[in-house]
Amino acid sequence: MTAPFVQVALDVPLDRQFDYCAGEIPTQVGQRVVVPFGRRQQVGIVLGHSADSAFDPARLKTITQVLQHEPLLDADTLALLKFCADYYHYPYGQALLSALPTRLRQTQAAVSRKQYLYALNELGLAAGLDAIPKRQAIQRRLYSALLQQVGQHGSGMSEAALAALSPSWRKAVNALQQMGWLTAHEVIAGLSLASPSTLMPPILNPDQAEAVTRILAKAKEFAPFLLHGITGSGKTEVYMRLIEQQLADKPGQALVLVPEINLTPQLEARFRSRLPQFPLVSLHSNLGESERLQNWRLAQSGQARIVIGTRLSVFTPMPHLRLVIVDEEHDGSYKQQDGMRYHARDVALVRAQRAGVPIVLGSATPALETWHNAQTGKYGLLSLGQRAVAAAALPQIRCIDVTKQPLQDGLSPALIEAMRTRLARGEQSLLFINRRGYAPVLLCGACQWIAPCTRCSSRLVVHLRQGRLRCHHCGHEEKIVRQCPSCGNADLHATGHGTQRLEQTLAALLPQARILRVDRDSTRRKDALTDMIAAVHADEVDILVGTQMLAKGHDFPKLTLVGVIDTDSALFSPDFRAAERLFAQLMQVAGRAGRADKPGEVLIQTAFPEHALFNALRSQDYAAYAQALLQERAITQFPPYQYLALLKAEANEFALVSGLLRYAADWAHAHGTDVLSYEPVRPQMERLKGMERGQLLMQADSRAPLQCLLRTLVAALREHPLNAKVRWAVDVDPLEF
DNA sequence: AGCACGCCGACT
DNA sequence: GTCGGCGTGCTC
């Protein structure tokens with residue numbers, strides 16, 4: 001008996017389902033359908049069937065199209081997204097649809113283009129790199145990359161891998177094909193069916209071996225672990241052993257989450273060459289829509305055994321999930337900052353629990369929440385103490401007291417001297433400064449006027465080379481003014497230091513050094529960062545100047561000095577997580593110094609060399625510092641001892657924001673049993689992109705009362721007259737304020 | 001969110 | 001006289 005009515009979830013900000021009359025073709029739960037909604041056709045997901053409808057049956061419309069040849073969203077995925085929609089107070093329909101590849105959100109039946117893997121053939125190999133003219137830089141680059149693949153396992157490179165090397169890769173590939181050097185094999189995208197690696201896996205050190213043993217002892221149940229180990233301690237090898245074991249039984253699948261950085265290809269390559277027997281797909285933002293859909297389907301069908309992906313891939317259906325890994329679990333990019341504001345690490349934990357499989361959270365500097373759970377025994381704690389790479393010693397970390405040394409354009413004599421030494425020895429240095437542009441403020445010497453952004457409550461940053469003032473928050477730009485608009489004085493100073501100014505200072509100070517600046521401005525071009533990293537490896541650079549984008553991942557063997565310029569503002573930030581983040585960041589930059597055979601040195605310029613953070617950093621003692629921070633959090637009543645939720649609101653006029661937040665605060669006071677609700681406040685950035693902002697913080701010592709309040713509050717706000725005029729969102733477990 | 005309908009100001 | 005501003009209301 002087919003029920004006459006169907007409940008459908010749609011991508012609309014209305015937290016309810018819509019009933020339709022079933023059409024000729026029967027539907028199943030989890031199926032994609034197209035339905036008439038208002039005046040247009042929308043994609044929906046079937047959530048259920050019923051014999052009657054609460055809606056006026058005469059007004060019910062009929063399903064337009066059932067996409068019956070597509071696989072269904074399985075019950076586990078639906079349930080996980082339902083859980084998240086409830087926990088993060090986001091409409092279920094929107095949560096569901098936003099977890100799908102964009103192709104599946106569109107009303108057309110989803111087709112995916114054929115995918116190819118490219119490899120050099122014998123003719124191409126025989127020709128050699130020198131057969132390509134020097135000026136065909138892209139062809140040469142692709143050729144070199146393809147050449148590297150050859151020895152390994154003859155699988156070739158995907159279109160995405162080639163595209164990562166150059167935006168005009170297709171032209172170059174066509175040229176190489178014209179010459180008959182290149183073979184294209186059609187593949188089910190991403191699935192390399194390579195022969196097993198002939199490389200012997202490295203021998204595990206005792207810490208690694210114990211980690212693997214302890215996790216595998218719980219191979220078939222939900223068991224969360226924190227794998228704590230510094231850069232180079234061999235976390236990745238542990239992941240690979242676990243995958244190997246958990247996937248040995250045929251249909252098993254593993255999900256590996258990685259932060260949103262350009263590092264996915266490296267990890268992917270490593271997994272592919274070490275575990276060639278398991279078809280692997282990746283899911284990240286650099287993927288084209290067609291490839292993304294293809295990979296998603298391979299995961300959903302179980303054909304892909306390993307899925308490596310960024311935060312959104314935590315929702316990818318995987319019918320035979322046996323293991324979840326969250327690498328660099330402390331990384332802030334796991335938190336979605338708009339739409340459904342989920343934390344992929346937390347969702348991964350829920351997912352592992354529901355699936356009854358082990359989950360491994362890896363980090364050198366775990367989030368305090370995670371560390372706390374490991375300390376209280378909620379998570380198993382596995383520490384990798386020693387560096388797996390035998391020769392690599394820990395870098396020496398020192399502070400330079402900037403109050404005791406005269407600075408030259410922001411640089412201390414000690415740091416300059418250290419760079420000179422490296423230059424003389426032919427080694428590389430990295431200067432880490434968290435501020436791009438030339439100078440962070442333009443100041444009038446006469447009246448103290450500071451160039452402000454018109455749309456945000458922020459200062460405009462001087463970009464001298466372009467002759468522009470830029471807002472780093474909204475992208476607003478204007479010409480550098482010559483006269484103070486306030487007092488007419490021409491005595492305007494670019495004050496403070498950014499990457500551009502540092503680059504200029506260094507060029508004057510060390511004229512013989514080859515300096516490379518790496519920040520969002522200099523890497524705007526599509527493959528600029530790849531080129532720059534290649535230049536560093538090719539030893540074409542002596543000093544790197546850059547922002548935190550340099551902190552992550554890349555290994556530069558000749559880099560032996562890291563200088564940290566200006567981090568003091570984070571030491572006394574009003575954000576209670578600032579110290580935790582700074583520590584993680586500094587540990588990460590410190591990890592850049594001295595790999596392989598050369599010992600590294602880290603010099604930190606600060607006015608507070610005795611600060612506890614630096615003491616902990618010097619001894620590379622995460623545990624001690626985490627303990628100190630946790631004590632602070634316990635006293636100040638912050639996470640992980642309290643649970644937080646933030647109601648964020650913005651509108652053209654502050655009065656509207658204030659009105660909505662006032663209502664919310666009153667509601668919270670009246671209905672929030674066991675919840676502490678603060679007064680509405682304005683965030684650091686009071687105005688952003690022309691919108692006036694405000695927020696309301698609520699806290700409780702367990703999740704339940706907070707969730708209980710949020711449920712009624714959200715429902716009340718949706719009914720509130722200001723709902724239409726104010727954009728608001730609930731952020732459960734917020735990371736940023 | 002879209003996309004209607006609906007009632008008041010400056011344009012061919 | 002219309003074109004178009006965005007206020008408010010609805011979508012099975």
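First the proteins, then the strands, lettered A, B, ... as listed; each starts at 1.
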Starting at atom CG of A/Leu10, determine the distance to atom C1' of C/dC12, rounded to an integer number of angstrom.
-> 8 Å

Roughly, in whole Å, what's the span from CD in A/Gln41 to C1' in B/dC3?
-> 15 Å

Ion pair A/Glu289/A/Arg103, N-O distance below 4.0 Å | no

Mind calculating the distance between CD (A/Gln94) and P (B/dG2) to the nearest angstrom?
-> 9 Å

Among B/dA4, C/dC12, B/dG2, which nucleotide sits nearest the side chain of A/Arg39?
-> B/dA4

Answer with base, sugar-phosphate or nothing: what part of the nucleic acid does A/Leu14 contact at a heavy-atom distance below 4.0 Å?
-> base

Whole angstrom value for the distance that separates C1' of C/dG7 from CD of A/Glu653 = 14 Å

Distance below 4.0 Å between A/Arg59 side-chain N/O and C/dT11 OP1 or OP2 | yes

Going by an N to O cut-off under 4.0 Å, is there a salt bridge joining A/Glu736 and A/Arg577?
-> no

Testing C/dT8, B/dC3, C/dT11 for proximity to the side chain of A/Lys725, the answer is C/dT8

Roughly, in whole Å, what's the span from CZ in A/Phe37 to C1' in B/dC3?
-> 11 Å

For A/Val347 and A/Leu80, what are the C-alpha separation, side-chain angles and deciding distance, and is it a side chain to side chain contact (heavy atoms under 4.5 Å, CB included)?
-> CA-CA 8 Å; A/Val347 177; A/Leu80 180 68; 4.2 Å; yes

Ring-base stacking, A/Phe18 with C/dC12 (5.5 Å, 30° cut-offs) = no

Base, sugar-phosphate alone, or nothing: which one does A/Tyr20 contact when heavy atoms must sit under 4.0 Å apart?
-> sugar-phosphate

Worked check of ring pair (Phe, Tyr, Trp, His ring centres under 6.0 Å) between A/Tyr342 and A/Tyr90 | CA-CA 10 Å; A/Tyr342 64 94; A/Tyr90 195 72; 9.5 Å; no

Determine whether the aromatic ring centres of A/Phe5 and A/Phe55 lie less than 6.0 Å apart.
-> no

To the nearest angstrom, the CZ-P distance between A/Arg727 and B/dG2 comes to 11 Å

Separation of atom CD in A/Glu719 from atom P in C/dT8, rounded to whole Å = 16 Å

Mind calculating the distance between CG (A/Asp15) and P (B/dA1) to the nearest angstrom?
-> 14 Å

